[in-house]
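Every chain is numbered from 1, with letters handed out A, B, ... down the list of sequences.
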Amino acid sequence: MKKKNLEYILKSPKVEAFQNKTHYCPGCGHGILHKLLGDAMDELGIKDITIFIDSVGCSVFAYNYFDCDHIQVPHGRAPAVATAVKRLRPDKIVITYQGDGDLAAIGTAEIIHAANRGENITIIFVNNAIYGMTGGQLAPTTLIKQKSTTTPRGRFATEFGYPLKICEMLNTLKAPAYLERVALYDPLHIKKAKEAVKKALRMQIKGKGFSLVEVLSHCPTNWKMTPEESMKFVKEKMEKYYPLKIFRDREFKK
Amino acid sequence: MKKNLENKIEKILIKGNDAVVEAALRSGLNGFFGYPITPASEIIEGFAKAYYEDLERKKKGLKPKYPEFQVFLQMESEIASINAALGGAATGKRVLTASSSPGISLKQEGISYIAGCELPVAIIDVMRGGPGLGNIAPEQGDYFQTVKGGGHGDYRLITLAPNSVQELAEFTCEIFELADKYRNPAVLLYDGYLGQMKEGVIFPKVKAKNYDRSSWAADGNKKGREKHIITSIYIAPEDMEKHKLRLKRKYDLIEEKEVRFENYKSDDADIVIVAYGIVSRIAKDVVEKARKEGIKVGLLRPITLWPFPKKEISQIADNAKAILTVELNMLGQMNEDVLISANGKCPVEFYGRCGGVIPKEKEILEKILEINRKVK
Ligand SMILES: Cc1ncc(C[n+]2csc(CCOP(=O)(O)OP(=O)(O)O)c2C)c(N)n1
Ligand code: SF4
């Protein structure tokens with residue numbers, strides 16, 4: 001990990017929502033994202049009223065790290081769970097944290113319909129272009145030519161289609177309030193990511209409706225790269241296909 | 001006498017599925033999540049009607065009829081519905097989902113999670129014909145997927161099987177109470193006939209116990225307490241085993257305390273019919289007809305399919321000459337449990353009709369006569 005990133009992580013104003021060291025591999029994007037999400041929760045002062053939905057993937061143990069209530073749910077179904085939680089507890093903050101296998105493959109129906117209903121929840125969507133927890137298989141977001149254990153010669157569109165662009169897809173729907181794609185490959189982008197997460201949570205607090213932040217994250221272990229190489233891969237390869245931008249911001253509606 | 005009069009006034013003619021809706025609302029239901037499927041669709045439609053009528057009332061400044069009924073939602077699938085129910089229960093709310101056989105198949109992963117997380121979720125299965133798309137005619141083909149655990153892992157579902165619209169109403173209230181009492185999913189299992197049938201019902205006066213779920217629920221009221229985690233994952237084998245042994249102790253307790261059945265003239269009977277749901281009503285008439293013919297026949301009707309009335313059937317097997325299980329399926333799904341309970345102590349025969357075909361009294365009576373000739 002780059003020294004500057006480390007500094008950001010260590011230089012925390014106060015550590016409340018985010019607890020403990022993580023179980024993630026060294027240099028993994030999940031750890032950075034946990035830290036900044038915890039910071040955002042602290043700054044907004046919401047940890048005691050947050051219900052966090054933990055999905056199936058490398059982040060399944062997120063409940064160890066965030067000091068708030070948690071529900072661990074079946075693979076892909078977090079948005080359906082979150083829908084009921086928010087509607088039955090409208091004064092609480094509901095966050096789902098989902099990988100790209102979870103959200104963009106097995107859970108595509110749930111995410112589209114929760115977004116389409118404009119559920120007032122916040123989705124943290126970790127796009128690391130691979131299945132981390134199960135050992136590096138093809139994800140719907142795996143890039144063309146990118147290798148995985150189930151595409152040992154690389155992904156070809158003729159067999160597996162093209163990588164799914166979730167923000168762009170959800171942006172065709174009328175209901176969502178906030179959609180942004182961010183990355184974690186340098187301190188500047190980490191700061192931007194944190195602002196996006198905070199913004200998304202603020203949308204929920206204000207009752208604006210569905211907010212999702214897609215985070216381009218790195219998985220050095222399954223990409224078989226060093227942490228530095230993996231961050232470079234996000235910057236040079238992933239960002240080209242998955243442009244970083246705000247797709248939807250209900251607050252700036254013309 | 002006065003009491004009877006009062007009751008008479010309260011008796012209303014109502015369709016089975018509609019009675020379920022009314023009973024659930026009277027039980028203080030907070031949220032319903034479902035997906036349409038025949039022959040259970042009246043349930044989701046009934047909740048929609050109640051929900052939007054109350055919204056209208058609130059708009060007009062009137063008191064809602066069911067103030068506790070906060071959320072009605074038609075979801076995108078049965079998978080989403082069961083997971084919404086999981087979420088609602090995890091936050092400490094009283095929730096229900098309803099479907100029919102193929103929809104219940106889809107819910108099974110969620111049901112397994114709910115059992116593992118020990119959440120009080122009420123589930124309704126109005127059985128139709130299968131396998132596959134089958135048909136929309138009534139069957140009793142979901143005994144396996146309900147009683148034997150259709151989802152992964154070993155767990156138990158409390159399962160109640162009504163045989164009248166009156167019982168549909170009463171048992172709907174019961175599954176909520178049992179689910180809360182044991183923090184376990186509880187199922188109301190009935191065939192499409194009961195759902196579509198109209199009968200007079202006296203709705204039970206529900207005294208919903210005030211279950212304090214705040215000691216475990218992930219309700220987002222964390223101020224001044226430790227975080228609450230609802231989960232079914234236990235990575236260390238020792239922890240997983242400990243968790244499961246605790247579940248087993250709970251299941252043992254339920255088996256000890258909650259077995260329910262109806263014993264109709266089986267104490268002196270030579271042949272005892274075992275049947276549940278709609279079939280048990282036909283069987284009761286067969287008991288009378290057979291007795292007129294001089295054959296002592298009785299009926300044992302399991303009301304809880306799990307916990308199963310094992311002991312009672314074992315006792316019957318001690319005294320009777322034979323048992324006849326009658327079901328609306330071809331495999332004899334419940335009959336497997338009857339066989340285990342009888343444990344070879346008396347012959348056990350099976351008679352099943354399926355695909356929506358209902359056995360006539362005459363057919364069952366013929367089967368009884370045939371058994372009677374054999375065991376005489
Ligand atoms: C129903 C079901 N199918 C498959 C799995 C196995 N599984 C666990 S995590 C996972 C994919 C994880 O990838 P992703 O969602 O991208 O998260 P990451 O681990 O990369 O953070 C799969 C397929 C499962 N737990 N449940
Ligand atoms: S496998 Fe990849 S995503 Fe999972 S913890 Fe390791 S680096 Fe992170």
Side-chain angles (χ1 to χ4, degrees), chain A residues 16-17 19 23 41 45-57 60-96 106-117 119 121 133, chain B residues 29-33 35 68-95 97 107-114 116-117 119 121 151-152 214 216-235:
Chain A
E16 280 191 359
Q19 308 167 314
H23 70 286
M41 286 166 70
I46 55 172
K47 76 179 175 79
D48 285 346
I49 57 161
T50 293
I51 303 172
F52 198 106
I53 317 292
D54 308 69
S55 65
V56 175
V60 66
F61 296 119
Y63 57 71
N64 286 327
Y65 311 129
F66 295 96
D67 184 27
C68 58
D69 283 354
H70 289 263
I71 309 172
Q72 198 293 306
V73 305
H75 197 23
R77 317 303 170 203
V81 176
T83 294
V85 170
K86 185 71 185 189
R87 286 185 182 227
L88 285 162
R89 300 269 178 199
D91 52 339
K92 304 301 174 194
I93 300 301
V94 182
I95 303 172
T96 80
I106 197 166
T108 2
E110 282 76 9
I111 191 62
I112 286 175
H113 289 279
N116 193 42
R117 288 188 301 259
E119 299 294 343
I121 56 178
M133 191 196 214
Chain B
L29 182 72
N30 299 128
F32 175 84
F33 307 91
Y35 188 82
E68 284 129 324
F69 190 37
Q70 277 178 273
V71 176
F72 161 82
L73 195 57
Q74 176 174 331
M75 302 293 292
E76 57 271 26
S77 69
E78 285 87 354
I79 299 176
S81 307
I82 192 70
N83 284 289
L86 182 158
T91 70
K93 295 286 186 171
R94 184 162 264 195
V95 294
T97 183
K107 288 181 195 288
Q108 291 294 359
E109 185 203 28
I111 293 174
S112 167
Y113 271 70
I114 289 165
C117 292
L119 294 174
V121 173
H152 61 287
S214 66
W216 56 266
D219 53 12
N221 294 323
K222 208 189 78 65
K223 214 175 167 104
R225 64 155 166 82
E226 291 293 298
K227 61 181 165 188
H228 287 166
I229 301 171
I230 302 295
T231 184
S232 58
I233 186 171
Y234 297 86
I235 280 287

So for [X], is it side chain, backbone, both, or neither that comes closer than 4.5 Å to the heavy atoms of chain B?
| X | value |
| --- | --- |
| A/Ile51 | side chain |
| A/Phe61 | side chain |
| A/Val94 | neither |

Handout entry: Note, B/Tyr113 side chain near A/Val81 side chain (heavy atom, < 4.5 Å)
Key =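 No; the side chains remain at least 4.5 Å from each other.
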Handout entry: Among B/Asn30, B/Asp219, B/Val71, residue most engaged with chain A (heavy-atom pairs, under 4.5 Å)
Key = B/Asp219
Contacting moiety of [X], where chain A heavy atoms sit under 4.5 Å:
| X | value |
| --- | --- |
| B/Ala89 | neither |
| B/Ile229 | both |
| B/Ile82 | neither |

Exercise for the section: Tell me, please, which residues at least two apart from B/Ser77 pass side-chain hydrogen bond (donor to acceptor under 3.5 Å, both in side chains). Expected result: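 Residues passing side-chain hydrogen bond (donor to acceptor under 3.5 Å, both in side chains) with B/Ser77: none at all.
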Exercise for the section: Identify, with sequence neighbours excluded, every residue that meets side-chain hydrogen bond (donor to acceptor under 3.5 Å, both in side chains) alongside B/Thr97. Expected result: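 Result, side-chain hydrogen bond (donor to acceptor under 3.5 Å, both in side chains) vs B/Thr97: B/Lys107.
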Handout entry: B/Thr91 backbone acceptor or donor facing A/Arg89 side chain under 3.5 Å
Key = yes
Fill in the blank from the handout: B/His228 and A/Asp69 have their tightest heavy-atom pair at N-OD1, 2.8 Å
